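Chain letters run A, B, ... following the sequence lines, proteins first, then strands; residues in each count from 1. We use all heavy atoms of the structure for the numbers below, so side chains are in, but hydrogens, waters and symmetry mates are not. Just so it is clear, the structure is predicted and the values come from calculations on it, not from any experiment.
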Protein chains: 2
Amino acid sequence: MPRPVTIRTVAERAGCSIATVSRVLNGSARASAQVEARVRAAVAELGFRPSEIGRSLKTLRARTIGVVIPSLTNPVFAGSVAGIEAEARGRGHTPLLTATDYEPEREREIVSALVAQSVAGLVLTVADPDANATLDLLDAEAIPYVLVYNEPTQAERAAVTVDNGAASRALTEAFLAAGHRRVLFIAGRFSTSDRSRLRHQGYLAAMGVAGLSPEPVLELDYLADAAAHRAALEGLLAGPARPTGIICSNDLLALSVIAALREMGLCVPGDVSVAGFDGIAIGRLVSPALATVDQPTRRMGERAVERLFALIEGQGSRTVEHLPFELRTGGTLAPAPSLSELSLSEPEAVPAPARGKRPAQTASVSRPSASRKAL
Amino acid sequence: MPRPVTIRTVAERAGCSIATVSRVLNGSARASAQVEARVRAAVAELGFRPSEIGRSLKTLRARTIGVVIPSLTNPVFAGSVAGIEAEARGRGHTPLLTATDYEPEREREIVSALVAQSVAGLVLTVADPDANATLDLLDAEAIPYVLVYNEPTQAERAAVTVDNGAASRALTEAFLAAGHRRVLFIAGRFSTSDRSRLRHQGYLAAMGVAGLSPEPVLELDYLADAAAHRAALEGLLAGPARPTGIICSNDLLALSVIAALREMGLCVPGDVSVAGFDGIAIGRLVSPALATVDQPTRRMGERAVERLFALIEGQGSRTVEHLPFELRTGGTLAPAPSLSELSLSEPEAVPAPARGKRPAQTASVSRPSASRKAL
DNA sequence: CAAATTCGTGAAAACGGTTTCAGAGCCGTC
DNA sequence: GACGGCTCTGAAACCGTTTTCACGAATTTG
């Protein structure tokens with residue numbers, strides 16, 4: 001077993017001190033051309049690679065960033081992590097990845113572990129970005145962090161997200177414009193997702209403006225299987241007054257609901273229109289294409305890291321930044337079936353609300369960047 | 001700015017030496033009940049959390065494991081990473097995640113960076129597990145690693161995978177058993193995926209055994225969009241001698257191919273049966289369900305970490321371990337249309353196997369509203 | 001009861017880098 | 001020719017932890 005190659009080995013080989021080796025490798029001070037050449041030769045011959053641990057011990061900061069997400073199994077999080085990873089790597093940092101599996105109490109221990117790793121900062125998606133002991137801990141320790149997908153409304157916290165309320169209103173209005181009057185909202189667990197809550201509020205607001213009474217919300221676990229979803233849906237979709245439209249608070253839930261509806265013999269979108277939320281790539285491949293609100297998933301991850309490094313360098317602001325979303329209608333969102341008994345004519349095409357960016361978007365969005373297709 | 005809390009702060013507060021604090025926290029030696037109580041009290045009061053960096057410097061190994069995958073955007077890799085993360089966390093380790101974006105030359109620099117981080121070991125999916133300078137580097141440095149999805153045939157390397165050749169033969173035989181004779185194989189890039197190569201070989205073998213001549217392989221980039229896939233397919237699927245079955249070397253590719261076929265006016269599986277490979281969860285939600293080879297994705301990640309820790313402790317073996325796969329037929333894999341049906345312009349609905357659903361979703365594919373997309 | 005263990009503890013030496021500080025040599029200037 | 005200001009370099013401190021070693025006290029053993 002050969003002794004490991006350290007900076008001392010290199011110094012010995014190059015005939016200089018370890019300080020000089022360090023200076024040459026970091027460019028922190030100039031060395032004579034002669035010495036520098038000898039050091040570089042020694043480094044190459046020995047295959048020396050400076051230990052990040054040694055460096056970190058002096059700096060008291062590792063060149064890593066902590067990443068905390070609920071689950072990798074949802075492509076929407078995988079997309080943001082891809083952006084985080086690429087952007088961090090471009091800055092010489094490596095992400096430390098952890099998943100909470102939607103258990104809020106796990107957030108705390110995970111973040112503790114990441115703090116112990118002396119991460120330079122964190123990017124996280126938490127259950128509740130307002131009342132959150134974990135984030136308070138980070139604030140207390142003055143460790144910079146940026147939220148993704150979360151939309152804190154009270155605390156001053158850096159976040160990158162879309163305007164979930166506006167997006168949900170726009171999506172609901174698209175249903176109304178297509179002639180739907182009874183629109184059901186199916187939400188992921190409110191307790192583990194402020195997105196779900198905000199999207200439901202947007203639905204309520206749009207229904208209210210239209211003078212329609214919202215249906216009682218159905219709270220489902222998107223990780224459960226289609227059979228469970230079918231069981232939950234069966235009562236609601238029996239009878240003549242059943243909804244003609246369903247908005248799901250995320251795409252996976254929507255796909256599962258569609259599968260359940262079809263098993264029940266209902267046609268999507270012939271009998272029931274369904275839309276999701278998030279814009280996962282696979283939604284574009286199914287047929288008919290999944291109606292949804294498209295988020296710049298990867299870009300959100302990248303942007304979070306950009307802002308994180310601004311915070312690390314003392315430049316950043318602790319504000320909520322909204323990136324533009326895009327409404328994707330058609331496909332599983334079709335005009336409501338006409339009530340043949342009451343009226344033979346198709347419902348009039350109500351002019352749809354503005355598609356794409358809502359005026360409510362903040363102007364602070366950095367680049368409109370038609371981001372690379374994730375898939 | 002308060003001075004950071006180190007083990008010295010704790011020792012001072014508890015009125016003992018730092019050695020005693022370390023011993024109490026690690027349980028490496030017993031301390032008197034009295035002292036131990038004082039130490040624990042001091043730790044709690046100060047909120048002390050031992051720095052992993054300090055510990056790692058002494059140990060010369062961090063409690064992290066490097067994870068190298070081609071891309072997080074493919075759910076099949078996200079699934080294994082989820083398993084890796086959970087299993088590593090259960091053992092007090094945190095994964096350092098990096099993606100190669102299918103660029104083999106990036107493997108090298110990424111692994112170098114991870115080695116510099118003094119990871120305890122690595123779990124990786126590489127382009128070529130046999131002739132691979134990156135893996136040679138790890139061997140030279142005696143850093144333990146386990147491959148996932150890769151199936152090295154020559155070098156002695158620890159790997160967790162399914163038997164891709166056998167799986168592909170089984171899938172091809174399922175096509176033949178359903179009466180298909182002209183079966184096309186569409187592969188991801190061979191240069192970046194040994195899975196793709198092995199699966200193609202399995203297809204060739206099964207076709208050979210059946211005395212059928214295989215179609216020329218079509219090598220596609222699964223990351224490209226459906227339009228590109230449609231362009232590549234159009235020539236092959238014109239004419240009367242077109243294939244009635246298509247095997248794709250992964251699920252994402254299969255979903256994209258199906259979308260392209262439907263755009264071309266072909267019915268899946270009425271006109272063409274399609275199967276993928278990997279068993280991503282979403283394949284079960286689309287209708288008809290995607291025929292595929294199901295791999296225990298998450299379990300593979302977990303198992304890789306189990307074996308990695310065995311290697312770290314000097315117990316493990318450097319062998320290829322095959323986990324069981326499961327053929328998922330039906331859905332998009334239906335009996336081949338008879339010749340008479342092929343020659344007719346309007347093929348009737350083929351009775352779908354398993355739970356019968358209307359296989360013909362094509363009618364709703366090209367809804368006029370489907371093309372409305374902002375921006 | 002003396003000797004031999006065991007036990008609890010602290011001082012100090014690593015571990016591999018970065019960085020400060022001081023000194024040595026060299027140049028130009030008065 | 002002395003001096004000040006460069007430039008290059010090395011010795012040593014330091015970062016936070018683990019771990020070895022030694023030592024006195026308490027306990028067991030002969």
Side-chain angles (χ1 to χ4, degrees), chain A residues 1-40 42-43 46-64 92 113 115-120 141, chain B residues 1-40 42-43 46-64 92 113 115-120 141:
Chain A
M1 207 66 174
R3 235 179 78 259
V5 176
T6 77
I7 198 172
R8 270 162 253 275
T9 328
V10 175
E12 208 172 312
R13 176 75 149 247
C16 65
S17 73
I18 62 169
T20 301
V21 175
S22 175
R23 281 188 278 253
V24 166
L25 290 183
N26 297 319
S28 50
R30 268 215 325 280
S32 71
Q34 208 178 5
V35 172
E36 173 165 351
R38 285 211 313 273
V39 169
R40 296 210 179 281
V43 166
L46 296 166
F48 172 66
R49 176 167 307 284
S51 155
E52 280 292 330
I53 292 181
R55 181 206 307 267
S56 302
L57 184 56
K58 185 66 187 179
T59 318
L60 294 184
R61 285 280 142 237
R63 293 201 292 199
T64 56
V115 170
Q117 295 277 359
S118 304
V119 293
E141 304 236 12
Chain B
M1 207 65 172
R3 232 177 82 260
V5 176
T6 77
I7 198 174
R8 263 163 261 275
T9 327
V10 175
E12 209 171 313
R13 175 76 148 247
C16 66
S17 75
I18 63 169
T20 301
V21 176
S22 175
R23 281 189 277 252
V24 167
L25 291 182
N26 297 320
S28 50
R30 268 215 327 280
S32 70
Q34 205 178 10
V35 171
E36 174 165 349
R38 286 211 313 272
V39 168
R40 295 212 181 279
V43 166
L46 296 166
F48 172 66
R49 176 166 305 284
S51 155
E52 278 294 329
I53 293 180
R55 180 205 308 265
S56 301
L57 183 57
K58 186 63 190 179
T59 319
L60 294 185
R61 285 281 143 234
R63 292 201 292 199
T64 57
V115 170
Q117 296 277 0
S118 303
V119 292
E141 304 236 12

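With axes fitted over five pairs at each extremity, the angle between the ends of the helix from C/dC1-D/dG30 to C/dC30-D/dG1 is 50° (10° resolution).
The CZ atom of B/R55 sits 9.5 Å away from the CD atom of A/Q117 when rounded to the nearest 0.5 Å. Here the CD-OG1 distance, from A/E52 to A/T59, works out to 8.5 Å after rounding to the nearest 0.5 Å.
Of all non-hydrogen atoms in B/F48 and B/I7, the two that sit nearest each other are CE1-N, 3.5 Å. Smallest separation of non-hydrogen atoms from B/S118 and B/L60: CB-O, 4.0 Å. The minimum heavy-atom distance linking A/R13 with A/A42 is given by the pair CG-CB, 3.5 Å. In plain terms, the two heavy atoms of B/V24 and B/E36 that are nearest each other are CG1-CG, 4.0 Å. Looking at every heavy atom in both residues, A/R38 comes nearest to A/G15 through NH2-O, 3.5 Å. Residue B/A120 comes nearest to B/R61 through the heavy atom pair CA-CD, 4.1 Å, listed as atom of the first residue, atom of the second, then distance.
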Reading 5' to 3' through nucleotides 15-24 of chain D, protein heavy-atom contacts under 4.0 Å coded B for base, S for sugar-phosphate only, - for none: BBBBBB----
Heteroatom pairs (N/O) under 3.5 angstrom, protein to nucleotides 6-8 of chain C:
none

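In this structure, B/E12 places its CD atom where only 12 or fewer heavy-atom neighbours from other residues, nucleotides or ligands lie under 6.0 Å away.
Side-chain atoms of B/S51 and B/T6, non-hydrogen and from C-beta on, never get closer than 4.5 Å to each other.
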